[in-house]
Amino acid sequence: MSKILITSALPYINGVKHLGNLAGSMLPADVYARAMRLLGHDVLYICATDEHGTPAELAAQAEGMDVSDYCDKMHEAQKKAGAYFGLSYDYFGRSSSAATHKLTQAFALTLETNGLIEERVSQQVYSKADQRYLPDRYVEGTCPGCDFEGARGDQCDNCGKLLDPIDLINPYSAISGSKDVEVRDTNHLYLKQSAMSDKLRDWVKAADGWPPLAMSIALKWLDEGLRDRAITRDLSWGVSVVDADGNIREGFEGKVFYVWFDAPIAYIGATQDWAAQVPERDWESWWRTDKGADDVRYVQFMGKDNVAFHTLSFPVTLMGSGEPWKLVDQLKAFNWVTWYGGKFSTSQKRGVFMDQAREIAPSDYWRWHLMANAPEGNDAAFTWEEFQATINSDLANVLGNFVNRITKYTVGKFDGKVPDGGVAGEAEAWITSELQTRIPQLIAYYESREFRKAMAETRAIWAAGNEYLTQAAPWTHYKTDVDQAAIGTRYGLNLVVLFGIIAQPIIPDAAAKILDAMNIPHANRSWNFGGREGIAALLDALPRGLNITAPDVLFTKIEDDDVSAWSQSFGGQT
RNA sequence: GGUGGGGUAGCUCAGCUGGUUAGAGCGCAGGACUCAUAAUCCUGAGGUCGUGAGUUCAAGUCUCACUCUCACUACCA
């Protein structure tokens, strides 16, 4: 048993996330957390809403709400959406919590003491009409390169050129459209990432268990030379910048830390908030290597856009403090889920968001499809047709039908009781050896976080059940030798239990229905096979005479009509 | 522009450090079975591995060029 700390990238507060966000961090982290718990590990899965920054202020403004109230509301909405999808966080916190504020301020002071933070002056566009400084992307104007009129301050969408907002011709605020903007000098704290570059490179190179995607992104940034990064912004909503006495730092009135400085710190803050709920809980044993966290394995999940922050910026914060903080051991970075090959778009009604998804299909459907087609090596295109095919084939036909056929048969021929009798023969030897190969393989895939392969292996195990029934053919034996029909039925029922157990990390709702129907006590729903012999024993583990029931149809099929209706309302391919 | 992915059966994808007839699922065709959600099981057809060169006894796998596509590019998060 090991201690595994799991975090998934923090969902931003300005709206319910779409399926791509879910598939790229929260869901795989959850499946991994559930799998590791099943294997008997001590798991702590932490997530939180990322609540600071300009978009939060603007979203609140658009709804006519106070930012703080808006965040309260959206935090609850995201929490609810997560609960619907069965995301099994040990704690779902908030980056706006007092704990994160204090930690952020403490880190900044320590980093400054260590000479890694310094104050510099930069130029920033200020909009008088909006009464705020504008982040680069909120300044628009005419591209100096191609004369395109809708260029954003960071990049021109027309010619692709990278821009500096102060170079835009006729700049205006993207928020209000006001042209009453000017460039002002503003002072900010800079994190001297460059000073940590060598140390960071050594650490990255020593990393094990990072996918190529993450490793190459991290090394690329290091090779280009890490730039010092401003970690404060001209905003009012966020973590205020304080001095050693806890007063607002001079010259930093109306400024707060940049969200990307405090967001990862919220992993720690949320753990503190988790611990504060129960006296026995100890956050330091997860985060401080001098307080018991030296044997923790820390695994992070994120989309590829977050890699640089997790492999470079956050480690600079932790390492630069000189304090014994737990650094990430393994991480999993995902590509994007695309919508018929294109991007998700709220305005064009393209794509599905977490709150809408619940009205379309049960949580298990989404969980299975998104994991079986996880964007691991590449961006993965979501289509309704593929969704329908995956669900109908894998869940309804392979798993659902298997459970249905054997439980109904038991109810019909054996009075709903696990039958006794019969001698194990070729078919039983076959399925035993099949599982003795496949189950360890499945576990290996989970441990290496290869989700597509883990799903394919799970499906192959379910399919082997159907093949076993064909070989054992209890319905044929029943006519001449009821005992021989009994063993086929009994093995079939044991397979149902096993299939329910391995389904738990992915499709927890259906798994619970299966295990309930089989009358399996919760204590026996774990994944302790005890090696190859354990698997053999498990295939005949159910007590004879145990009452079982045939569950209702586990997975209703998705019809063509459903697909057309969804395509229409959600802007699928036309 | 720079950097990194990717381009393998109709579709979605596996193929690690180069080595017998290139794999899986879906779809398709034929057969078997009838316990089951018109489900399942078996068999089969289908690919000159983006293009062109090169290295090698041997390349989907290494090198170079070209081409298409996606992402990232530090003040959106």
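Below, all heavy atoms of this structure are taken into account, side chains as well, without hydrogens, waters or symmetry copies.
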*Under 4.0 angstrom, heavy atoms only, what part of the nucleic acid is A:Phe555 near: base, sugar-phosphate, or nothing?*
base
- Query: Is the distance between the ring centroids of A:His310 and A:Tyr267 under 6.0 Å?
  - Reply: yes
Quick one: is B:A39 close enough that its OP1 or OP2 comes under 4.0 Å of any side-chain N or O from A:Lys557?
-> yes
**Asked** Which value, in whole Å, describes the distance between the C1' atoms of nucleotides B:G60 and B:G19?
**Response** 13 Å
- request: Determine the contact category for A:Ile406: base if any of its heavy atoms lies under 4.0 Å from a base atom, sugar-phosphate if only primed atoms, P, OP1 or OP2 are that close, otherwise nothing.
  value: nothing
When A:Glu386 and A:Leu395 are each assigned the nearest nucleotide of RNA chain B, the 5'-most assignment goes to A:Glu386
Taking a pair to mean Watson-Crick or G-U wobble geometry with both distances below 3.5 Å, B:C13 pairs with B:G23
What interatomic distance, in whole Å, is found between P of B:G30 and the corresponding atom of B:A45?
15 Å
Considering only atom C1', compute the distance from B:U67 to B:G50 and round it to an integer number of Å. 8 Å
- [ ] Take atom C1' in B:G47 and the same atom in B:U21, then report the distance between them in whole Å.
- [x] 14 Å
Open item on the list: Work out how far the C1' atom of B:C76 is from that of B:A24, and round it to whole angstrom.
Closed with: 40 Å
- request: Determine the interatomic distance between C1' on B:C16 and the same-named atom on B:C62; round to the nearest Å.
  value: 15 Å
ask   = Any side-chain N or O of A:Arg229 less than 4.0 Å from the OP1 or OP2 oxygen of B:C75?
value = yes
- Query: Considering only the P atoms, how many Å lie between B:A38 and B:U20, rounded to the nearest integer?
  - Reply: 44 Å
Exactly one of A:Lys332, A:Arg452, A:Lys453 clears side-chain hydrogen bond (donor to acceptor under 3.5 Å, both in side chains) with A:Glu376, and that residue is A:Lys332
- Query: Reckon A:Lys453 touches a base, only the sugar-phosphate, or nothing at all at heavy-atom distances under 4.0 Å?
  - Reply: sugar-phosphate
Roughly how far apart, to the nearest Å, are B:A53 and B:G15 at atom P? 28 Å
Answer with base, sugar-phosphate or nothing: what part of the nucleic acid does A:Thr410 contact at a heavy-atom distance below 4.0 Å?
nothing
Q) At under 4.0 Å between heavy atoms, what does A:Ala463 touch on the DNA or RNA strands: base, sugar-phosphate, or nothing? A) sugar-phosphate
With syn defined as a glycosidic angle within 90 degrees of 0 and anti as anything else, the base of B:G30 is anti
